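Comments concern the structure below.
These numbers come from a predicted model, not from an experiment.
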Amino acid sequence: MAGSSTQIPQTVTDDVRTLIAHAGIEADQDLIARILATGIGLGLDPTDRLDLKITSAALTEMRAAFRLFEPYRDVPKVTIFGSARTRPDDPSYLAAAAVAAALAERDWMVVTGAGPGIMQAAAEGAGPDHSLGVSIRLPFEEKPNAIIAKNSRNVAMKYFFTRKLMLVKESRAFVCVPGGFGTLDEMFELLTLQQTGKAEPTPIVLLDAPGGTFWAGLRRFVDEHLIAGAVISPGDFDRVLVTDSVDAAVGEITDFYRNYDSLRWVKGRLVMRLQTAPTAAELDELTERFADLLAGGRIDATAPLAPEVADDDRLALPRIALRLNQFRVGELHRLIRALNELPSAAAEPLTPPTP
């Protein structure tokens, strides 16, 4: 049970577990008990009413969002960020619609903030059957755009932090189209999450309009100030593709999963699931090439580990295992790209990736 500054009486703990059983909840009872116990702890603590309102609203919004995404859990998703102010005749609008349409044709769903501008462009490109929306309630913001509203595939959030969680949590690729503070905030959070290993490596595309220089200006700033000032590492921006080509953007996303599928940590070992198994010679070459990322040992093929078997976690896929230097976690995209380029890897993605 979750702790707090005030100890929860054992009788209350027992009552919580009885309540869970009476509700008919069978799976993950320990986690449900922890959630309820945390709520009781907040009531026992001298918690400000505003803090309680924030907690209650956030949990309510997260439940609504989880329910929205649940039917599409096995469908790969790409989140497209961009300005709400971009007009339909803007080249960036057309580029966002084109990349969304191309990915929808490849059985990806497109997630947006459900508003106007680039968000509407992406939803139009993907179509209502391939679109999901996570909107924000603002006094000056329009209602969800007509594409998202058509199938009622939208959840409205009061708080930006819960909205940002859902815009990132379910997606395995991201496209950022020129925008303002909100777009830049979302883009930099993506980079921070991957640099620090708080999110799995995913493809991130900064898509300009044809001939545009918006993101090229950002790259120049990164090179001239962030890298030159040693506040980021020289390779930190390498995980991002800056392009004005819709085809290159789509290729960056689909090729990222040409061989790589997913990863999982198991007791200090990093397990990477693949579409095709590397040869022994390829594993030797990878071990030598990426020795700087290892905390010892080598990169080896492995059968599914016990926790993976217990969770029935992608057991049909071949996998490799290694001990990663945790200080180099932000460079995992380098290893993933190398795995995708192995001679043993398929020429095309075998199936769309799923969570």
Side-chain angles (χ1 to χ4, degrees), residues 76 78 168 171-176 187-206 215 218-219 222-223 226-228 230-243 248-266 268-302 317-350 353:
V78 55
V168 171
S171 290
R172 301 204 69 190
F174 300 90
V175 177
C176 301
M187 183 272 298
F188 278 119
E189 179 160 352
L190 286 174
L191 296 182
T192 302
L193 290 171
Q194 296 207 11
Q195 180 194 51
T196 57
K198 298 299 287 184
E200 289 191 17
T202 54
I204 300 173
V205 177
L206 307 186
W215 296 119
L218 173 64
R219 181 190 287 280
V222 169
D223 291 340
L226 303 185
I227 294 176
V231 293
I232 66 171
S233 299
D236 278 348
F237 207 61
D238 291 348
R239 63 175 52 83
V240 173
L241 173 68
V242 177
T243 184
V250 173
E252 173 74 3
I253 291 169
T254 56
D255 285 351
F256 194 87
Y257 297 101
R258 179 153 59 93
N259 192 19
Y260 169 72
D261 178 87
S262 55
L263 59 78
R264 176 171 176 171
W265 291 93
V266 180
R269 297 177 73 189
L270 176 62
V271 179
M272 304 181 75
R273 284 77 70 101
L274 309 175
Q275 298 282 1
T276 58
T279 66
E282 288 172 340
L283 290 173
D284 289 341
E285 192 274 334
L286 288 170
T287 298
E288 180 177 357
R289 179 178 171 185
F290 292 99
D292 59 326
L293 298 188
L294 303 179
R298 51 174 287 117
I299 301 174
D300 280 315
T302 183
L317 294 177
R319 57 248 287 137
I320 59 173
L322 59 139
R323 294 196 178 275
L324 181 72
N325 179 345
Q326 296 285 355
F327 292 100
R328 308 297 292 274
V329 67
E331 299 180 52
L332 265 178
H333 67 96
R334 292 173 46 211
L335 177 56
I336 290 171
R337 296 179 193 281
L339 290 166
N340 291 329
E341 295 168 358
L342 292 176
S344 61
E348 298 288 341
L350 299 181

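Atoms CD1 and CZ, from I204 and F256 in turn, are 9.0 Å apart once rounded to the nearest 0.5 Å. A distance of 7.5 Å separates CG of L342 from OG1 of T279, quoted to the nearest 0.5 Å. Between the CD atom in E200 and the CD1 atom in I336 there is a gap of 8.0 Å [rounded to 0.5 Å]. To the nearest 0.5 Å, the span separating CD1 on I232 from CG on L191 amounts to 8.5 Å. Atom CD1 of residue I320 and atom CG of residue D300 lie 9.5 Å apart, to the nearest 0.5 angstrom. The CG atom of L218 lies 4.5 Å from the CE atom of M187; values are rounded to the nearest 0.5 Å.
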Q | Trace of the side-chain contact (heavy atoms from CB on, under 4.5 Å) decision for L226 with V231 | A | CA-CA 5 Å; L226 303 185; V231 293; 3.8 Å; yes
(Q) Pair T202, Q194 - check side-chain contact (heavy atoms from CB on, under 4.5 Å), show working. (A) CA-CA 8 Å; T202 54; Q194 296 207 11; 2.4 Å; yes
Q: Could you go through the side-chain contact (heavy atoms from CB on, under 4.5 Å) check for W265 and V271 one step at a time?
A: CA-CA 6 Å; W265 291 93; V271 179; over 6 Å; no
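Across R258, R239, R337, a single residue satisfies salt bridge (charged side-chain N to carboxylate O under 4.0 Å, His left out) together with E252, and that is R337.
Not one N or O on the side chain of Y260 forms a donor-acceptor pair closer than 3.5 Å with the backbone of H333. At distances below 3.5 Å, at least one donor-acceptor pair connects side-chain atoms of N259 with backbone N or O atoms of Q275. Proximity of a side-chain donor or acceptor of T287 to a complementary backbone N or O of R298 within less than 3.5 Å is not detected.
Looking only at side-chain heavy atoms (C-beta outward), V205 and F174 stay at 4.5 Å or farther from each other. Considering only heavy atoms from C-beta on, L206 comes within 4.5 Å of C176 through its side chain. Inter-residue side-chain proximity for L270 and L263 is flagged as met; some heavy-atom pair is nearer than 4.5 Å. T196 is not listed as a side-chain neighbour of V329, based on a closest heavy-atom distance of 4.5 Å or more. In this structure, L193 and V168 have side chains that are in contact, with non-hydrogen atoms separated by less than 4.5 Å. Between R323 and L294, the closest side-chain pair of non-hydrogen atoms is not below 4.5 Å. Using a 4.5 Å heavy-atom cutoff, the side chains of L274 and D261 are not in contact. At least one side-chain heavy atom of V175 sits less than 4.5 Å from a side-chain heavy atom of V78.
Contact record, P201 with Y257: O-OH, 4.3 Å, taken as the closest heavy-atom pair. Residues A248 and T243 come closest through the heavy atom pair CB-OG1, 3.6 Å. Minimum heavy-atom separation, L339 to A345: O-CB, 3.9 Å. Closest heavy-atom contact between L335 and M272: CD2-SD, 3.6 Å. Closest approach of A173 to I253, counting heavy atoms only: CB-CG2, 3.6 Å. When all heavy atoms of I299 and L283 are compared, the pair lying nearest together is O-CB, 3.8 Å.
Salt bridge present: R334 and D292 bring a charged side-chain N and a carboxylate O closer than 4.0 Å. Residues R289 and E282 are not paired through a salt bridge, judged by the lack of any N-O separation under 4.0 Å between the basic side chain and the carboxylate.
A side-chain N or O of Q195 and one of D236 form a donor-acceptor pair less than 3.5 Å apart. No hydrogens or angles considered: a donor-acceptor pair under 3.5 Å links the side chains of S262 and R273.
By the 6.0 Å contact criterion, CD on Q326 is enclosed, its count of non-hydrogen atoms from other residues, nucleotides or ligands being greater than 12.
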